[in-house]
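Every chain is numbered from 1, with letters handed out A, B, ... down the list of sequences. None of the values given here were measured: they were computed from a predicted structure.
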Protein chains: 2
Amino acid sequence: MIYSSELIKGTLKTIVLKLLADNKKMYGYEITQRVKELTLDKIQITEGALYPTLHALEADGLVTTESEFIGKRVRKYYTLSPSGKNKTKEKVSELADFMETMKFLLDIKTKTA
Amino acid sequence: MIYSSELIKGTLKTIVLKLLADNKKMYGYEITQRVKELTLDKIQITEGALYPTLHALEADGLVTTESEFIGKRVRKYYTLSPSGKNKTKEKVSELADFMETMKFLLDIKTKTA
DNA sequence: AAAGATACATAAGAATCTAATGTATCTGAC
DNA sequence: GTCAGATACATTAGATTCTTATGTATCTTT
């Protein structure tokens with residue numbers, strides 16, 4: 001089972017930031033594979049979604065990049081900047097809080113007539 | 001604190017379906033207020049988001065409507081159809097599953113270098 | 001009488017994703 | 001040695017879904 005795509009909306013940036021916080025330095029393709037692996041294929045980040053997100057993080061100064069050649073192929077590593085680390089904490093705790101709220105919303109049964 | 005808007009994306013439809021499942025019959029404005037109340041103001045559904053969503057649910061045959069006059073004012077009640085009830089179960093369990101996955105993603109620390 | 005709440009609705013624009021497409025290299029199997 | 005599939009970057013048209021603004025109208029409370 002793969003989650004319907006609309007669920008990813010809004011959480012992708014946070015997922016990416018969190019992975020970078022935990023792994024110090026990652027490249028795009030690696031991120032897609034790591035997420036796939038960690039979520040047992042349930043979340044599949046497409047490249048069309050990931051690269052624009054990474055570029056946006058860079059434009060916002062939340063990550064810095066360095067390119068490395070693996071043979072003849074370029075690999076672009078992303079690393080959190082100091083402001084990126086702060087942003088990550090904010091986003092992660094906001095999402096955690098949101099999930100608690102959603103859990104509550106999905107559990108309740110009010111006036112089950 | 002109000003959640004940043006992108007978090008709502010993709011969950012609104014599920015929230016609405018779940019509320020209808022629990023309350024049998026609700027009208028638009030009531031839904032916005034109920035969500036606000038249940039989430040301690042952390043989720044504020046705007047009318048610009050809610051009404052198009054309700055209309056879409058109706059167009060998909062997931063809800064039926066009946067209008068009622070309160071004085072001179074119309075109030076439009078929404079009720080889940082049988083297929084809406086099934087859809088609600090699907091969406092709620094998918095979202096619950098997704099939140100478990102996200103919780104896991106946000107908790108782990110791999111290779112914290 | 002006026003302000004604020006109730007109650008519906010639409011529409012332009014922004015944000016963010018999907019799906020498709022493109023380029024190029026590397027690796028393993030046959 | 002060649003071909004498929006994986007690795008690795010990227011962009012773009014289009015779809016979806018929200019925000020913000022606007023509109024209309026009634027009801028309630030001061």
At under 4.0 Å between heavy atoms, what does B:G28 touch on the DNA or RNA strands: base, sugar-phosphate, or nothing?
sugar-phosphate
Interatomic distance where CG belongs to A:L50 and P belongs to D:dA10 [whole Å]
9 Å
Quick check: are there more than 12 heavy atoms from other residues, nucleotides or ligands sitting under 6.0 Å from NZ of A:K91?
yes
Could you state the atom-to-atom distance from OH of B:Y3 to P of D:dC18 in whole Å?
17 Å
Separation of A:I70 atom CD1 from D:dT7 atom C1', in whole Å?
11 Å
Taking for each residue the nucleotide of DNA chain C with the nearest heavy atom, is it A:G10 or B:H55 whose nucleotide lies nearer the 5' end?
B:H55
Exam field: side chain B:S83 to backbone B:G61, donor-acceptor pair closer than 3.5 Å:
yes
Under 3.5 Å, is there a donor-acceptor pair between the side chain of A:D97 and the main chain of A:S93?
no
Hey, does the side chain of B:Y51 come within less than 4.0 Å of C:dA9's phosphate (OP1/OP2), counting only N and O?
no
Among pairs that include at least one residue of residues 75-105 of chain A, which meet ring-ring contact (aromatic ring centres under 6.0 Å, His included), considering only residues two or more places apart or in two chains?
A:Y27-A:Y77, A:F98-B:Y3
Side chain of A:T46 (C-beta onward), nearest among C:dA15, C:dT18, C:dA5:
C:dT18
Length of the line joining B:R34:CZ and C:dA5:P, which is rounded to integer Å
19 Å
Return no unless some side-chain N or O of B:T53 is found under 4.0 Å from OP1 or OP2 of D:dC18.
yes
Nearest-Å distance, CD (A:E30) to P (D:dT7)?
11 Å
Testing C:dA9, D:dA10, D:dC18 for proximity to the side chain of B:K76, the answer is C:dA9
Proximal nucleotide (of C:dC17, C:dC26, D:dC18) relative to the A:L12 side chain:
C:dC17
In whole angstrom, give the distance that lies between atom CE of B:M26 and atom C1' of C:dA7.
14 Å
Let me know the distance between CG of A:L54 and P of D:dA8, rounded to the nearest Å.
14 Å
Quick one: B:L57 CG to D:dT17 P, roughly how many Å, whole number?
10 Å
Taking the nucleotide of DNA chain D with the closest heavy atom to each, which residue, A:K9 or A:P52, is nearer the 5' end?
A:P52
Check this one for me: any side-chain N or O of B:S5 less than 4.0 Å away from OP1 or OP2 of C:dA15?
no
Would you mind telling me which residue lines up with the more 5' stretch of DNA chain C, B:R73 or B:E6, judged by nearest nucleotide?
B:R73
Nucleotide nearest B:Y29 (side chain, heavy atoms from C-beta), chosen from C:dA7, D:dC9, C:dA15
C:dA7
Kindly point out which of C:dC8, D:dA10, D:dC18 is positioned nearest to the side chain of A:E47?
D:dA10
Do A:E58 and A:T65 meet the criterion of a side-chain donor-acceptor pair at a distance under 3.5 Å?
yes
